[in-house]
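Written out below as structure tokens is the structure these notes cover.
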Amino acid sequence: MSSNTTTTPLPSAGPVPIPYESAGFGNLLFLAIALILCGLVVLVGMKQYISLKRTPVYATFFSFLGWFMCFSIAYLVPLDIIVTDHLQCVVENNETLTGECETPLTYLPYGMITEQWRFLYFGSLILCWIIFPVLQSFSTAGDFRFWERVKRAIKDNVILYTFMGIGGLIGVIVILSVKEMDPSSFLSFVMLLANVYGVILITITMGYGLIDVPRNLLRKGSHYAILRNYRVEAVVLKTELEDVKKQLIEHLKLIKTISDRAGQYDPFRIYLDVIISKCPTEYDVLIQEYHAEPLPPGMEAEMLSYKYLVGIHSTLLDLVDRNHSAEVLYERLLGKAFAIEDIIETRERKKQNGGQIEERSIQWSFKSSKSNAKFEYLWHMYIHPWYFIIVGLICVGLSGIILWSEIVLALVSNPEYSPFYRAIIRMEPGIGLQIFCFIPMIYMCVCSYSTLFKLRISNYYRLVPQQSNTFSIMFSANYLCRLAAPLAYNFIQICHVNQGNTIVSPFDKIMGDMNAFGDNALGKRFTLFFPIFMIVVCIISFFNLHKRLAGSCCIRSLRIVTDTSEGAVDHGLKILKQEREERSLNGGVAPVKTRMSIVKEMFTKKKGAGILVTDNNNLDGAGSSQKSIDPSNRYKATPTKTSINIPKLSRTYTSAAGNVYSSNQDGENNGGDSGIKPINSFFSSILGEKGNTSNNNNNNNNNGNSNNSNNNSGKNNSILTSNYNSNTTISKGKDKQGLLSSYLDKMDFSFKDDDDDDHTFDDIEMGAYGTGRKNKK
């Protein structure tokens with residue numbers, strides 16, 4: 001690959017000049033290919049944990065940017081090593097790039113690699129400390145307006161950084177009072193803290209992953225070990241699902257209580273409607289029948305406040321998300337457990353028949369057999385176990401080489417004992433060296449990042465396959481960015497690529513001296529001794545000491561480990577057996593989507609596995625015994641429907657509240673009370689005797705002329721109907737009724753709501769209009 005070269009020294013190159021290179025078309029093409037491949041890997045990886053339709057655009061974009069930065073070190077670090085090695089060869093031979101030092105095929109100019117490291121460093125800094133904290137607070141804010149959520153997110157982070165600044169200032173005062181430091185020493189000390197934080201993170205995550213990744217792969221080589229693990233997880237996930245459902249139902253009852261107390265025209269009704277619209281509909285029947293107990297004095301006013309509703313809204317979003325995640329994980333576990341049971345049953349049937357089986361296919365319980373059933377049989381019976389065993393053994397070897405290199409870095413001054421160093425110095429810069437560096441680099445990334453993916457911080461952070469919430473996916477991107485630079489630095493150290501070099505690598509030029517404690521005696525050895533802490537973490541992970549400590553912790557939220565004894569396995573067996581029997585009657589379990597099926601969906605947009613085929617008759621709700629609830633009446637008080645007999649009423653009608661007012665003539669004897677007299681006097685004073693006579697005639701002829709009565713009454717079945725716009729001839733009594741209706745129509749009444757505080761025609765006819773107004777005042 002040709003390029004124009006000069007010997008213009010760069011300012012930061014030190015005493016040895018670095019040849020300046022201009023990027024050619026081949027360099028740009030290779031960079032574009034590397035960026036596109038990295039972007040595709042990140043997109044596929046994110047699709048394993050999030051739904052692109054369900055996740056907001058801002059979260060998807062910035063999370064993709066954070067993931068891209070952290071995974072970009074997989075190709076940046078090998079390129080950095082190739083560039084440094086090649087330029088060192090050029091300087092030692094005092095030649096240009098066209099001399100004895102052959103330019104590698106995948107070579108990128110020094111300046112181009114430097115700019116990428118600069119983008120990674122400053123981009124990660126801005127994302128980790130400004131963008132992600134604000135967006136995480138924004139995603140969990142319970143405010144109802146966009147700008148209110150923005151203000152709350154900024155306010156929370158300002159408060160957090162204020163307290164951090166106060167604590168840092170106190171620490172600086174203490175340090176300066178103990179030891180005198182000049183400005184340069186103080187700046188080095190600040191960088192010390194940032195580097196130590198990153199080094200501790202990479203020590204814990206990679207130390208745990210170097211043991212956990214090979215162990216999980218070897219465990220997948222045995223179907224019986226997988227099934228035992230699934231049975232233990234069934235106990236955990238079922239308990240978790242039941243607990244979060246109880247919490248959600250109690251919170252929905254609280255929302256129902258607040259909605260009942262608020263009424264239809266409360267100033268906060270608009271916020272309550274927003275909250276109710278986000279409540280799961282599957283609990284509507286249960287919540288609609290719930291009647292809250294009377295609240296203590298003063299509690300109602302406290303509930304109907306904006307601050308309280310914001311907290312209710314935020315808690316609801318959290319509980320709904322946790323409930324959805326628990327359901328997804330439990331259903332996913334059932335799908336995997338039932339599939340493993342079917343595979344084991346096929347294997348046992350084969351053993352009973354002396355290694356012979358009539359049909360070389362697996363009889364799945366809850367999914368249809370594929371066209372390539374024979375290959376599926378061969379894969380699960382023969383290839384699958386050995387595949388994971390071989391890959392697991394390869395990972396064991398890689399983990400051993402990395403740990404050995406870490407020990408050499410810490411305890412041995414001669415880098416010849418490092419396998420990576422011996423291989424790099426014997427290989428020419430080129431595609432072979434890049435592949436050699438890429439494999440352990442990507443393995444270290446997998447070990448470190450998989451630990452973060454499996455991590456669960458109580459109810460604060462958790463990645464769920466294809467259903468991770470907005471906060472969790474941004475939290476993962478935030479900490480992946482924090483791991484990128486320390487991980488790259490650790491790999492460069494164990495490779496000893498800067499050992500005896502006079503060329504400053506692009507990484508060192510941008511990142512500077514990553515030595516955490518400066519140039520003092522402790523600082524010179526800290527970055528060499530921190531691999532010892534990684535080995536300690538590996539020992540703890542190998543013997544599961546962290547699980548025993550967490551299980552005995554007195555804080556319940558830290559008890560992340562459950563019982564793995566045979567009793568727990570038997571309990572999980574009963575759960576899976578019960579679920580299998582129930583699902584056999586209710587349509588089964590959706591098969592679990594594999595990683596390949598998810599990737600296939602991304603490009604083909606065809607949904608395959610993961611969709612449960614149900615009866616078409618029930619797709620629209622037909623045949624369902626569950627009652628449907630009108631969306632407009634969700635979480636509203638159920639009105640009490642009564643039948644009231646009122647003598648001399650114009651006709652029988654049903655009010656908007658559901659009360660039935662009857663025109664029975666026996667009402668004076670059967671259902672009459674002291675409340676009827678004010679009604680009779682009220683209408684007698686307005687309609688007069690003729691109007692009452694007309695009403696009585698209408699009541700007497702009600703059975704014979706029911707159709708005409710309904711047509712004259714209107715669609716809303718109101719008692720007084722205005723007919724003065726009609727071209728037909730009407731009676732004198734109906735004229736008076738029309739005038740009364742015209743008068744009442746001009747008054748501001750609501751006909752749609754059945755709230756007790758709002759006056760309708762029910763209140764007028766029952767004589768409660770005047771008293772209601774006074775009581776309300």
Side-chain angles (χ1 to χ4, degrees), residues 46-63 66 132-146 148-149 152-153 156 233 236-256 271-284 286-287 308-334 452-479 556-557 560 590 593 610 634-635:
M46 289 183 62
K47 192 63 176 65
Q48 308 294 324
Y49 293 99
I50 67 172
S51 172
L52 297 178
K53 295 181 179 180
R54 182 170 174 256
T55 308
V57 177
Y58 69 88
T60 303
F61 173 76
F62 286 106
S63 298
F132 279 135
V134 174
L135 291 182
Q136 288 174 206
S137 300
F138 176 83
S139 64
T140 57
D143 296 86
F144 300 95
R145 296 184 180 90
F146 175 79
E148 290 176 350
R149 297 176 66 186
R152 184 176 295 274
D156 292 345
E233 289 185 8
V236 180
L237 295 180
K238 186 175 180 60
T239 304
E240 180 182 345
L241 179 59
E242 292 175 351
D243 292 341
V244 72
K245 278 190 174 182
K246 290 180 182 178
Q247 297 178 28
L248 179 59
I249 291 174
E250 291 300 322
H251 193 70
L252 294 178
K253 290 180 179 179
L254 175 61
I255 296 174
K256 176 67 163 54
Y271 304 123
L272 282 170
D273 290 341
V274 173
I275 295 175
I276 292 172
S277 67
K278 298 180 181 179
C279 296
T281 56
E282 58 265 26
Y283 302 101
D284 282 1
L286 175 63
I287 301 301
Y308 191 82
L309 292 179
V310 167
I312 291 292
H313 187 207
S314 179
T315 304
L316 174 66
L317 296 177
D318 178 62
L319 289 175
V320 169
D321 180 75
R322 287 168 52 194
N323 180 67
H324 181 69
S325 299
E327 289 178 347
V328 169
L329 289 174
Y330 188 62
E331 291 293 326
R332 182 180 175 86
L333 174 69
L334 293 180
L452 189 62
F453 294 157
K454 294 180 180 180
L455 179 66
R456 178 185 178 183
I457 306 177
S458 186
N459 298 322
Y460 183 73
Y461 163 77
R462 186 179 194 179
L463 287 180
V464 180
Q466 291 192 294
Q467 299 295 334
S468 300
N469 57 19
T470 304
F471 178 88
S472 295
I473 193 64
M474 288 193 294
F475 183 91
S476 66
N478 188 355
Y479 275 84
R556 183 178 181 182
S557 61
I560 57 176
K593 290 183 179 181
R634 295 184 66 200
Y635 291 73

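Below, all heavy atoms of this structure are taken into account, side chains as well, without hydrogens, waters or symmetry copies. Since we're looking at a predicted model, the values are computed, not measured.
Using a 4.0 Å cut-off between charged nitrogen and carboxylate oxygen, Asp143 and Arg149 do not count as a salt-bridge pair. Taking 4.0 Å as the cut-off between side-chain N and carboxylate O, Lys238 and Glu242 count as a salt-bridged pair. Using a 4.0 Å cut-off between a side-chain N of Lys or Arg and a carboxylate O of Asp or Glu, Glu240 and Lys246 do not qualify as a salt bridge.
Closest heavy-atom contact between Val320 and Lys278: CG2-O, 4.1 Å. Looking at every heavy atom in both residues, Ser325 comes nearest to Gln467 through OG-O, 4.2 Å. Heavy-atom minimum distance, Met474 versus Ser63: CG-OG, 3.5 Å. Taking both residues in full, the closest heavy atoms of Asn478 and Phe132 are given as CA-CD1, 3.7 Å, listed atom of the first, atom of the second, then distance.
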Query raised in the report: Checking side chain to side chain contact (heavy atoms under 4.5 Å, CB included) for the pair Leu329/Arg462: CA distance, chi angles, key distance, verdict?
Result: CA-CA 11 Å; Leu329 289 174; Arg462 186 179 194 179; 3.1 Å; yes
Requested in this report: In sequence, state the C-alpha distance, the side-chain angles, and the governing distance for Leu241 and Asn323, and then conclude on side chain to side chain contact (heavy atoms under 4.5 Å, CB included).
Outcome: CA-CA 7 Å; Leu241 179 59; Asn323 180 67; 4.1 Å; yes
Report task. Check step by step if side chain to side chain contact (heavy atoms under 4.5 Å, CB included) holds for Arg54 and Gln466. Result -> CA-CA 10 Å; Arg54 182 170 174 256; Gln466 291 192 294; over 6 Å; no
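Leu237 contributes atom CG, which lies 11.0 Å from atom CD of Glu331 (distance to the nearest 0.5 angstrom). Note that CG of Leu254 and CD1 of Ile249 are 14.0 Å apart. Values are rounded to the nearest 0.5 Å. To the nearest 0.5 Å, atom CZ of residue Phe471 and atom OG1 of residue Thr140 are 6.5 Å apart. Note that CG of Leu252 is 5.0 Å distant from SG of Cys279, once rounded to the nearest 0.5 Å. Summarising the geometry, atom CD1 belonging to Ile255 is positioned 8.5 Å from atom CD1 belonging to Ile287; distances are rounded to the nearest 0.5 Å.
Residues that satisfy the side chain to side chain contact (heavy atoms under 4.5 Å, CB included) test with Asp318, not counting sequence neighbours, are Arg322. For Tyr461, the ring-ring contact (aromatic ring centres under 6.0 Å, His included) test picks out Phe475, with sequence neighbours left out. With sequence neighbours excluded, the residues satisfying ring-ring contact (aromatic ring centres under 6.0 Å, His included) with Tyr58 are Phe138.
Looking at Val464 and Tyr49, their side chains never come closer than 4.5 Å, going by heavy atoms from C-beta outward. Taking 4.5 Å as the limit, every side-chain heavy atom of His313 sits out of range of all side-chain heavy atoms of Leu309. Counting heavy atoms from C-beta outward, Gln48 and Pro465 have side chains that stay 4.5 Å or more apart. With contacts defined as side-chain heavy-atom distances shorter than 4.5 Å, the pair Ile50/Leu52 qualifies. Residues Asp284 and Thr281 form a side-chain contact, since some pair of their non-hydrogen atoms from C-beta on lies under 4.5 Å apart. Inter-residue side-chain proximity for Val310 and Tyr271 is flagged as unmet; no heavy-atom pair is nearer than 4.5 Å. Using a 4.5 Å heavy-atom cutoff, the side chains of Thr239 and Asp243 are in contact. Thr315 is not listed as a side-chain neighbour of Gln247, based on a closest heavy-atom distance of 4.5 Å or more.
Listed for the Ser472 side chain is no donor-acceptor partner under 3.5 Å among the backbone atoms of Asn469. Although no hydrogens or angles enter the test, the distance criterion places a donor-acceptor pair under 3.5 Å between the side chain of Ser476 and the main chain of Ile473. For the pair Ser139 (side chain) and Gln136 (backbone), a donor-acceptor distance under 3.5 Å is present. Of the possible donor and acceptor atoms, none in the side chain of Thr55 sits under 3.5 Å from a partner among the backbone N and O of Thr470.
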